[in-house]
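By convention here, the first residue in the shown sequence is residue 1. Any value given below was found using the heavy atoms of this structure, including those in side chains, with hydrogens, waters and symmetry copies removed. Everything quoted here is computed from the prediction, not taken from an experiment.
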Amino acid sequence: MAIDTEIRGYPPQSQTYLADWWRNLRAAWHQSVLFRRVLVIVLVWMVLRLGIQGLLIAGTILTDDLVGMDPASTLPVDMQIYLTAAENFAARESLYLQGSLQILETHYPYAPSFALAFTPFLQLSPFAVALVHTLLHIAAYIWLYLSWNRIFGKLGLPQAQQMLIWTLPAWLIFSTFWSDLAYLNIYLIMALFATLLIEAVLEERLFETVLWLAVILQIKPHWAFAAAIPLLLGRYRFFIRMIGFSVVAYAGIVVATGLVGGFEYVLAQYREYVEFLARLSEDFPWRGPDAPFLGYNHSITQISVYLFGEAGFPISMIVKIALLAPLAALGLRCLLRPIGQPGHRVPQVSLDLAFVLYMGAFIWLDMVWELSLGIAVFTYLRATVENRRRFRWVWVLFVVYAVIDVWQALSYIVLGDAAIVPGPYVITDPSIYLPIIMLVLLSFYGLLLVRLWRTAH
């Protein structure tokens, strides 16, 4: 039975968003045999996959008992980076690389305050750290999903709320979630912060907007893309207040970090942090034409360097400028002819702006390892793109991206260690040969840009 994406029999909007979600899920379950079968298969896979994750966590204890190794060495590499930074902060040592060293893929790239935030975890055993952060990641992902159900409901987009049900299997197998869980990175947590920022910005809740901006700017500043929405909508008073209070909040965090770590040390670390970000692309170990495959960084720069070597750097700059020129023109158009309404009054335009800014920020980046918010963008576009034929190829691309973790796991089950090559990379993974993440990103970007040009005043 084909899936009918219109769930029948329930009101489109309510203040009880979780109850509405449950009713919609029950309706979809009874309405579509295909949906039931797919969801059951995915749930079984998810339980098995969580079991594998549990074995990895248990390894932080078993490794020490069986082979005498330090259990901390069995923690995911990204978590090791965060804890090492916390140790360096506690010892008042430098957090950042000095000079051009070819280990940037495993180096700490965040603000000193983030290292301070991780110092309490130094008191826990590696097993407890792995367990706590695994549970935090799972909770953050559930919060992310339910947040978009609430946002779509508040904005009067019942078709998007319903699409959250139909795309639930994709959410459950989404490769970025499982990759994030394996590495214990903060990609999905950043997607949650950005989601909460979008919600606060569209509703013009100043305190919450400043709160999420202050947090985001301490970790990954490019995730603050939603801060531009009030400016593009012509909400200048809110925008100015938001920027002003955010500067104060950022300064407050720096001061608080200085009170704990000492102002001389902390200010020196913030200076090194800025210098580190400035030279990041110069020191990064890029994969050139001599590499056997592209790898997992799907940025425009990495693609260009892989294809053209050193000549790829100026080429990537030209390509990025060409890709972002239409977005700049759209921004200018919005500034010259602003809508003048708060975001929640023009929901589709506002969300289109939020997501196209997200894509624009990642097009400009030199490091594109994931598209964590892509699952929410996919759900939104699947619900709101009227031309289904135009969206079909985007749907296929995204599904390929979403099931990469499944493919990697099955490859390892079938081939064992032979599937893994130094990096580590899964040799059968199509995403190490083709820039699938960038292709998905550009597809979303194109759809959103075209629609905004047609609908924005």
Side-chain angles (χ1 to χ4, degrees), residues 3-28 31-32 35 142-171 174 191-192 194-205 208-209 225-226 229-230 232-233 235 334 339 341-359 372-388 390-391 394-395 398 443-445 447-457:
I3 289 180
D4 178 2
T5 57
E6 187 71 25
I7 298 175
R8 297 180 290 272
Y10 298 105
Q13 187 177 5
S14 168
Q15 294 303 311
T16 56
Y17 302 113
L18 187 58
D20 286 346
W21 177 84
W22 178 245
R23 286 196 297 268
N24 282 336
L25 177 61
R26 292 178 59 190
Q31 185 174 322
S32 171
F35 176 78
I142 295 172
W143 190 359
L144 175 69
Y145 178 83
L146 295 178
S147 292
W148 281 107
N149 178 65
R150 182 180 65 251
I151 291 169
F152 292 148
K154 285 182 177 180
L155 296 179
L157 297 172
Q159 71 276 25
Q161 281 185 291
Q162 293 167 1
M163 192 55 65
L164 276 169
I165 302 299
W166 298 116
T167 59
L168 180 58
W171 283 79
F174 186 39
L192 173 62
T195 295
L196 297 174
L197 174 63
I198 291 171
E199 182 180 16
V201 165
L202 297 193
E203 297 182 8
E204 296 192 353
R205 300 199 302 265
E208 292 180 35
T209 299
F225 56 86
I229 296 174
L232 297 177
L233 292 178
R235 303 293 293 176
C334 290
I339 294 176
Q341 296 289 327
H344 65 274
R345 297 279 183 85
V346 283
Q348 186 164 306
V349 171
S350 298
L351 285 180
D352 282 2
L353 281 173
F355 290 142
V356 82
L357 289 169
Y358 170 57
M359 301 302 159
S372 303
L373 205 55
I375 185 68
V377 181
F378 172 76
T379 302
Y380 170 69
L381 288 175
R382 185 71 180 83
T384 58
V385 170
E386 296 180 357
N387 190 329
R388 298 300 184 192
R390 180 184 300 170
F391 190 76
V394 180
W395 185 91
F398 184 80
S443 300
F444 288 167
Y445 178 71
L447 285 174
L448 290 163
L449 204 56
V450 169
R451 188 159 70 180
L452 278 167
W453 270 104
R454 291 175 177 173
T455 60
H457 295 290

Quick check on the 6.0 Å ring-centre criterion: do F398 and F174 meet it?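 Yes.
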For the ring pair F444 and W395, is the centre-to-centre distance below 6.0 Å?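 No, too far apart.
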Atom [atom1] in [X], atom [atom2] in [Y]: separation rounded to 0.5 Å?
| X | Y | atom1 | atom2 | result |
| --- | --- | --- | --- | --- |
| R150 | W21 | CZ | CH2 | 14.5 Å |
| S350 | L232 | OG | CG | 10.0 Å |
| Q162 | R382 | CD | CZ | 12.5 Å |
| L202 | H344 | CG | NE2 | 9.0 Å |
| L196 | S147 | CG | OG | 5.0 Å |
| L197 | E208 | CG | CD | 10.5 Å |

Before you tell me yes or no, could you show the steps for T195 and L373 under side-chain contact (heavy atoms from CB on, under 4.5 Å), namely the whole-Å CA-CA distance, both residues' side-chain angles and the distance that decides it to 0.1 Å? CA-CA 8 Å; T195 295; L373 205 55; 3.5 Å; yes
Aromatic rings Y380 and F152: how do their planes relate, parallel, tilted or perpendicular, breaks at 30° and 60°?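 Parallel, since the angle between the ring planes stays under 30°.
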Which heavy atom of [X] sits nearest a heavy atom of [Y], and at what distance?
| X | Y | answer |
| --- | --- | --- |
| A383 | A160 | CB-CA, 3.5 Å |
| I165 | F35 | O-CE1, 3.2 Å |
| L233 | P342 | CD1-C, 4.3 Å |
| W166 | A28 | CH2-CB, 3.6 Å |
| V385 | R451 | N-NH1, 3.8 Å |
| V201 | A226 | CG1-O, 3.8 Å |

Does the Y358 side chain pair with the main chain of V377, one donor and one acceptor, at a distance under 3.5 Å?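 Not a single qualifying donor-acceptor pair exists.
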Given N149 and L18, is the side-chain contact (heavy atoms from CB on, under 4.5 Å) satisfied, shown in steps? CA-CA 8 Å; N149 178 65; L18 187 58; 5.6 Å; no
Is the closest side-chain donor-acceptor distance between W22 and Y17 under 3.5 Å?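 No - no donor-acceptor pair under 3.5 Å links their side chains.
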Could you check whether T167 and T379, counting side-chain N and O atoms only, form a donor-acceptor pair closer than 3.5 Å?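 Distance-only check passes for T379 and T167.
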Heavy-atom side-chain contact between V394 and L381 under 4.5 Å: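 No; the side chains remain at least 4.5 Å from each other.
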Where do L351 and I198 land on the side-chain contact (heavy atoms from CB on, under 4.5 Å) test, with the steps shown first? CA-CA 8 Å; L351 285 180; I198 291 171; 4.2 Å; yes
